[in-house]
Undergrad: 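I'd like to ask some things about the structure below.
In each ligand, atom 1 is the first atom listed, and ligand 1 is the first ligand listed.
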Amino acid sequence: MVVGTQARSVDLVVIGSGPGGYVAAIRAAELGQKVVIVERDFIGGVCLNVGCIPSKALINAGHAYHAQVHDTATIMGVHSNGATLNWEETQKWKNEKVVKTLTGGIEMLLKKRKIEILRGEARFNDNQVINVIEGENSHLLEFKSCIIATGSRPIEIPNFKFTGRLVNSTGALNLPEVPKHLVIIGGGVIGSELAGAYANLGAKVTILEGLPHILNGFDKEMIDVAAAEFQEKGVEIITSAIAKKAEQSTENVAITYEANGVEETITADYCLVSVGRKPNTDEIGLNNTDVKLTDRGQIIVNDRQQTSVSHIYAIGDVVAGPMLAHKASYEAKVAAANIAGEDVLNCAVAIPAVAYCDPELATMGETPESAKEKGLKVMIAKFPFAANGRAITMNATRGFIRIVSDKETKVIIGAQIVGPGASDLISEFALAIENGLTSEDISLTVHPHPTLGEAIMDTSELADGLPIHI
Ligand code: FAD
Ligand code: NAI
């Protein structure tokens, strides 16, 4: 190995190039920092390479295939003449047209900002120096500031080592074929999104969830809408089921689980284990620094994203909070601004969360239950997509929009959407909640017609006690 003994001095080193790291690097460069970004794997991190983006590509391919196979537009007089799936082409489109376009774009953005991209695995030597190892080479970098954005990886449970037909989310996105039967252990966001995608692509899917409900970040009324659609697609959901062991052969994998005190075994051709993710903080030499961790391995930060070593910052999946790309990017901008000498606090009022199921679920801020638990006096308004003109023209009327607002001031403190376009519609509530807007502010805003967005105006009018369309 060629070891650089002389440490090179840099302003800012960012470790990891996911939606945390690359955004931090670009913003810091815009604010005048000389930046080096270190990446051991692929530019774009989990999100662009093996997370948000490829999963949404498969979900969309699933929608396209399902619509043709099941002739879902016959009600509109549109009949398809059967459909075939060329899985190799689907994978090629996902990898080369979707992922590569985006990761190539990010690499170009980094280069345009004169950010140095250093390939290799970073490890802290102490509070000032990291060692970047790539194959036979190693570079020592002495930094004025550092941002840790090393993300997270899938949790492996005992007796379910990721190998062969037992896969994690990365494996599930890159299966060599559409499984005839896919078993998914863990019905959280990854499990539910990929269950929908593979069911639409023609697989039989069984979800084994340890808790009494799937999609536990969402409330029961929302989950019921997604569960009804899963049932229609033949997705089997077994709740309160604890996965015990797996036995693989060349042909299949047998999964033994326990539900309600009874042990059962199901055989499938693949099994996805998606039981959560853990932060990548254990192999980066933090024990050589004074950076403090929680007992769950998350890096402790203040509201400027500073760790217990004031010139080392941490963002994204390595710190507390939801493991979401947009949360990582928000924290990235906070960290970069502070490093560049600005005084910026992480003061996001609420972080939206979306599950790209059929239909989509989106939530942010308070729910009726959380408001009740906190003793808040709230107004709950719920408007069904069945009463929205655009949803009817789309033949997509399942679901609702719900607003949780302060009873006296009408300030919106939470919103939930389950239905068509929920992932895009939630942004109007993000703007409202972040800026302390009231339901009246939304009802008095002219919304274009006919749109799904009008249902947000309708829900607000309902909250104001002046509904037109219900
Ligand atoms: P990451 O994206 O994990 O990036 C960290 C980077 O650091 C990686 O590239 C890694 O190689 C690199 N790295 C780690 N250690 C080192 C080291 N020692 N040296 C050098 N480099 C290192 N979130 C959403 O908001 N919406 C979604 O739709 C969504 N879908 C998802 C679907 C799946 C299947 C998965 C797995 C996740 C999904 N997520 C989604 C979560 C999202 O991907 C993460 O929250 C997000 O990527 C976190 O960003 P990050 O920058 O913190 O870390
Ligand atoms: P998750 O925390 O969402 O769900 C894990 C599920 O597995 C939980 O329901 C849990 O009860 C269950 N579980 C745990 N151990 C089990 C066992 N032994 N047997 C059966 N069930 C068990 O984690 P997931 O789905 O792995 O996703 C990880 C993270 O990635 C999420 O926290 C999310 O933030 C992020 N993500 C976000 C997406 C989005 O924003 N649309 C999409 C996909 C992932």
Side-chain angles (χ1 to χ4, degrees), residues 13-24 37-56 58-59 103 118-124 130-134 147-155 157-160 168-170 172-173 184-194 207-217 238-244 255 257-259 272-285 314-319 321-329 331-332 351-357 360-362 423:
V13 62
V14 179
I15 311 175
S17 69
Y22 86 74
V23 170
I37 190 164
V38 185
E39 174 55 61
R40 66 176 177 193
D41 227 331
F42 303 107
I43 297 293
V46 167
C47 174
L48 273 75
N49 293 284
V50 290
C52 326
I53 295 298
S55 61
K56 268 76 247 179
L58 284 193
I59 288 168
T103 53
L118 194 56
R119 302 282 178 169
E121 176 120 18
R123 250 183 92 84
F124 284 89
I130 58 162
N131 191 12
V132 180
I133 301 164
E134 192 201 12
I147 300 179
I148 305 171
T150 48
S152 62
R153 63 182 185 273
I155 293 175
I157 50 174
N159 301 330
F160 288 84
N168 57 27
S169 53
T170 301
L173 292 169
I184 298 178
I185 299 174
V189 211
I190 293 181
S192 297
E193 288 188 359
L194 292 182
I207 300 177
L208 300 176
E209 166 55 50
L211 294 173
H213 296 287
I214 57 165
L215 288 168
N216 280 288
I238 305 173
T239 52
S240 306
I242 301 301
K244 295 266 175 170
I255 297 109
Y257 65 94
E258 190 186 314
L272 158 65
V273 183
S274 48
V275 294
R277 298 177 63 83
K278 62 175 174 187
N280 289 328
T281 53
D282 47 349
E283 289 167 353
I284 54 172
I315 58 174
D317 284 7
V318 292
V319 304
M323 288 182 164
L324 296 172
H326 42 283
K327 178 244 185 201
S329 299
E331 291 172 349
I351 308 275
V354 175
Y356 296 79
C357 295
E360 293 174 349
L361 301 92
S423 57

Undergrad: Salt bridge (charged side-chain N to carboxylate O under 4.0 Å, His left out), that's the test. Do E134 and R119 meet it? Break it down for me.
TA: CA-CA 7 Å; E134 192 201 12; R119 302 282 178 169; over 6 Å; no
Undergrad: Does the side chain of E331 come within less than 4.5 Å of V318's, by heavy atoms?
TA: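 No, their side chains stay 4.5 Å or more apart.
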Undergrad: Would you check ligand 1 and list the protein residues that come within less than 4.0 Å of it by any heavy atom, ordered by chain and number?
TA: I15, G16, S17, G18, P19, G20, G21, V38, E39, R40, D41, F42, G45, V46, C47, V50, G51, C52, S55, K56, G120, E121, A122, A149, T150, G151, S152, S169, I190, R277, I284, G316, D317, M323, L324, A325, H326, A328, Y356
Undergrad: Calculate, to the nearest 0.5 Å, the distance between atoms CD1 and CG belonging to I155 and N168 respectively.
TA: 12.0 Å
Undergrad: Quick check: do I15 and I284 have side-chain heavy atoms less than 4.5 Å from each other?
TA: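 Side-chain contact under 4.5 Å: no.
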Undergrad: I need the I255 CD1 to N159 CG distance, nearest 0.5 Å.
TA: 12.5 Å
Undergrad: When rounded to the nearest 0.5 angstrom, what is the spacing between CG in L324 and CG in D317?
TA: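 Rounded to the nearest 0.5 Å, the CG-CG separation comes out at 8.0 Å.
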Undergrad: Enumerate the pairs of nitrogen or oxygen atoms, one from ligand 2 and one from the protein, separated by less than 3.5 angstrom; state names and distance to 0.1 Å.
TA:
residue	atom	partner	partner atom	Å
ligand 2	3 (O)	V189	N	3.2
ligand 2	9 (O)	E209	OE1	2.7
ligand 2	9 (O)	E209	OE2	3.1
ligand 2	11 (O)	E209	OE2	2.6
ligand 2	21 (N)	G210	N	3.0
ligand 2	23 (O)	G276	N	3.4
ligand 2	25 (O)	V189	N	3.3
ligand 2	25 (O)	I190	N	2.9
ligand 2	26 (O)	G276	N	2.9
ligand 2	34 (O)	M323	O	2.7
ligand 2	40 (O)	V354	O	3.3
ligand 2	41 (N)	E193	OE2	2.7
ligand 2	41 (N)	V354	O	2.7

Undergrad: By side chain to side chain donor-acceptor pair (under 3.5 Å), which residues pair with S17, not counting sequence neighbours?
TA: E39
Undergrad: Side chains of R123 and N131: any donor to acceptor distance under 3.5 Å?
TA: no
Undergrad: Which residues satisfy the side chain to side chain contact (heavy atoms under 4.5 Å, CB included) test with C357, sequence neighbours excluded?
TA: S192, L215, A355, L361
